[in-house]
Amino acid sequence: MACVSVHAAFYLWYGTPAVDGAWRHWDHPSMPHWTTSMNLRFPPGVRHQPPDAPHSPFYPARGVYSSGDMAVLTEQMSELARAGVDSVMLSWWGQQGANVTRDSQGVSTDERVAAVLEAAASAGVGVSWHLEPYGGRTPASIVDDLRYLARTYGQHPAVWRSDTTGGRPLVFLYDVSFEHSGNDQQSRDAAGAEWRRVLAGLRGTDADAMLLSLYIDERDDDFLIEAGIDGAYSYFAADGFTHGATAAKWHAIVERLGARGKHFVPSVGPGYDDTRIRPWNAHNMRAREAGAYYDRMWEAALAITPFAISITSYNEWGEGTQIEGARTHTSKAGEVYLGYEPHAPDFYLQRTSQWTERVKERCARKSPSRNMGEKIADRIELATEL
């Protein structure tokens with residue numbers, strides 16, 4: 001098989017009063033359902049109370065933290081590098097200073113990118129981009145964002161590039177799909193043409209990138225062709241949540257997309273539990289099964305010879321998909337927060353390392369390859385010489 005790279009979704013939206021002046025995301029309120037009956041049963045807007053009672057079913061082994069804490073970022077990048085991850089898929093909510101609606105707590109992640117790049121370069125792990133759906137986002141604004149990212153950060157040695165991407169950065173486009181292209185068939189059909197038009201001005205420039213949109217279902221087969229996007233990823237860690245996130249469907253998806261010159265990146269995860277922020281969503285919970293669920297996802301991903309593999313996630317604590325270390329905790333009110341018992345707090349990082357070693361072993365049997373740390377060291381040396 002060709003060399004398969006591994007990328008982990010990484011979130012920068014956490015904040016603490018000590019570092020950021022207020023809690024960010026750890027105090028995430030419960031979210032509304034789209035029906036009145038469910039909202040009566042599960043009242044929205046109930047805010048969690050960190051550090052004792054954060055918004056996750058699990059409790060971080062390092063405690064609740066700020067994504068703006070350089071010491072924390074350094075530790076996190078080192079953990080990911082040791083786990084064999086090639087790049088962090090950096091959750092990015094638009095250009096700093098842009099007057100747009102960001103995630104539910106309005107966190108601007110762009111101001112933290114420089115620190116992440118430095119920490120990543122020091123650890124020997126790369127950085128790819130995970131573009132999020134800020135308010136008013138369009139194909140044209142995304143192309144403008146790609147030009148901004150290339151202009152502002154593109155020369156940094158930590159930006160992940162590979163022979164498999166033609167030396168271009170790797171960009172994951174969350175909520176870009178046929179399903180997300182409009183409310184009716186006409187607008188969805190028009191979206192593909194608009195994507196192709198704006199990407200025509202991007203291809204071959206310094207801002208060009210390997211673009212992966214979100215794969216929801218079979219309609220995305222044609223969407224990728226019409227839009228001129230390079231491939232797709234499944235993202236969701238709940239097996240069966242969408243057609244694209246159903247491991248049993250991955251073989252057929254990669255065959256169909258491959259026949260049309262498009263890539264597929266299956267997303268593996270250790271489980272799913274967002275019931276502290278979406279208490280009405282228990283039917284989508286996926287138990288971790290002491291690691292067996294994660295192993296099955298990896299086995300399914302490697303069975304299809306994918307272009308790459310993404311992990312959902314390193315630290316999406318609110319949806320319970322994190323592989324970052326966790327420990328048990330009981331709040332003052334008696335709420336029990338989970339760790340990874342009977343395993344150690346870093347069990348999923350260790351398990352990730354074992355799976356990425358299998359990936360690299362297959363690559364080594366195919367052809368010699370240099371790891372991201374070696375490539376970053378070369379780029380730092382070249383930048384110093386220049």
Side-chain angles (χ1 to χ4, degrees), residues 8-32 42-80 88 90-120 122-123 127 130 132 134-135 273-279 313-340 345-346:
F10 186 91
Y11 293 88
L12 271 177
W13 52 29
Y14 299 108
T16 63
V19 176
D20 309 282
W23 291 109
R24 293 288 184 266
H25 270 266
W26 299 115
D27 66 341
H28 201 297
S30 55
M31 299 179 72
F42 301 107
V46 178
R47 193 169 289 278
H48 290 84
Q49 301 296 320
D52 185 49
H55 72 316
S56 173
F58 298 85
Y59 201 87
R62 58 171 43 93
V64 294
Y65 56 82
S66 169
S67 299
D69 186 330
M70 191 64 186
V72 170
L73 284 176
T74 299
E75 291 173 358
Q76 292 175 323
M77 295 299 127
S78 295
E79 287 176 359
L80 285 157
V88 298
L90 195 59
S91 174
W92 188 80
W93 284 87
Q95 301 175 37
Q96 185 176 355
N99 185 23
V100 297
T101 303
R102 306 187 195 276
D103 75 283
S104 62
Q105 297 199 343
V107 177
S108 174
T109 52
D110 190 35
E111 62 194 48
R112 293 175 169 173
V113 170
V116 173
L117 290 169
E118 290 305 308
S122 178
V127 173
H130 198 186
E132 302 276 12
Y134 56 78
D273 184 355
D274 65 351
T275 53
R276 286 194 184 271
I277 57 174
R278 300 183 186 95
S313 64
Y314 173 75
N315 64 341
E316 222 298 15
W317 288 90
E319 295 185 345
T321 63
Q322 79 290 334
I323 61 172
E324 188 177 17
R327 59 178 171 85
T328 55
H329 168 75
T330 302
S331 73
K332 295 174 183 176
E335 293 178 290
V336 176
Y337 288 79
L338 302 174
Y340 301 145
D346 65 346

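Keep in mind the model is a prediction, meaning the values are calculated, not measured.
When ring centroids are compared, Trp317 and His55 stay outside the 6.0 Å threshold.
Taking OG1 of Thr109 as the start and CZ of Arg102 as the end, the distance is 7.0 Å to the nearest 0.5 Å. The structure places NE2 of His25 at 13.0 Å from OG of Ser56, a figure rounded to the nearest 0.5 Å. Gln322 CD to Phe58 CZ: the interatomic distance, rounded to the nearest 0.5 Å, is 5.5 Å. The CG atom of Asp103 lies 5.0 Å from the CH2 atom of Trp93; values are rounded to the nearest 0.5 Å. The structure places OG1 of Thr275 at 9.5 Å from CZ of Phe42, a figure rounded to the nearest 0.5 Å. Between atom CG of residue Leu12 and atom CG of residue Leu90 there is a gap of 4.5 Å, rounded to the nearest 0.5 Å.
Residue pairs that meet the salt bridge (charged side-chain N to carboxylate O under 4.0 Å, His left out) test with at least one member in residues 106-118, sequence neighbours left out, are Asp20-Arg112.
No donor-acceptor pair closer than 3.5 Å links the side chain of Tyr134 to the backbone N or O of Ala98. Without hydrogens or angle criteria, His48 side chain to His28 main chain gives a donor-acceptor distance under 3.5 Å. Side chain of Asn315 to backbone of Tyr11: a donor-acceptor contact under 3.5 angstrom is found. Side chain of Gln76 to main chain of Ser78: no donor-acceptor pair is present (N/O by atom type, distance under 3.5 Å, no hydrogens or angles). A distance-only check finds a donor-acceptor pair linking the side chain of Ser30 to the backbone of Gly45 [under 3.5 Å].
With contacts defined as side-chain heavy-atom distances shorter than 4.5 Å, the pair Thr328/Leu338 does not qualify. For the pair Pro51 and Trp23, the minimum side-chain heavy-atom distance is below 4.5 Å. When side chains are defined from C-beta on, Ile277 counts as touching Asp274, because their heavy atoms get closer than 4.5 Å. Residues Val46 and Pro29 are not in side-chain contact: their nearest non-hydrogen atoms beyond the backbone lie 4.5 Å or more apart. Side-chain contact between Val336 and His329 is absent, with no heavy-atom pair separated by less than 4.5 Å. With contacts defined as side-chain heavy-atom distances shorter than 4.5 Å, the pair Tyr314/Glu79 qualifies. Counting heavy atoms from C-beta outward, Pro60 and Trp26 have side chains that approach closer than 4.5 Å. The side-chain heavy atoms of Val72 and Arg62, taken from C-beta on, include a pair separated by under 4.5 Å.
The side-chain hydrogen bond (donor to acceptor under 3.5 Å, both in side chains) check on Glu319 picks up Arg278, with sequence neighbours excluded.
Here the shortest heavy-atom pairing between Thr16 and Val64 reads CG2-O, 4.3 Å. When every heavy atom of Gly318 is checked against every heavy atom of Tyr14, the shortest pair comes out as N-OH, 4.4 Å. The shortest non-hydrogen separation linking Leu73 to Ala115 is CD1-CB, 3.9 Å.
There is a side-chain donor-acceptor pair under 3.5 Å between Glu132 and Ser91. The closest side-chain donor-acceptor pair between Glu75 and Tyr65, if any, does not fall under 3.5 angstrom.
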Query - Worked check of side-chain contact (heavy atoms from CB on, under 4.5 Å) between Val88 and His130 - result: CA-CA 9 Å; Val88 298; His130 198 186; over 6 Å; no
Query - Working for side-chain contact (heavy atoms from CB on, under 4.5 Å), residues Arg276 and Glu335 - result: CA-CA 11 Å; Arg276 286 194 184 271; Glu335 293 178 290; 3.1 Å; yes
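For the pair Asp52 and Lys332, the salt-bridge criterion is not met [side-chain N within less than 4.0 Å of a carboxylate O].
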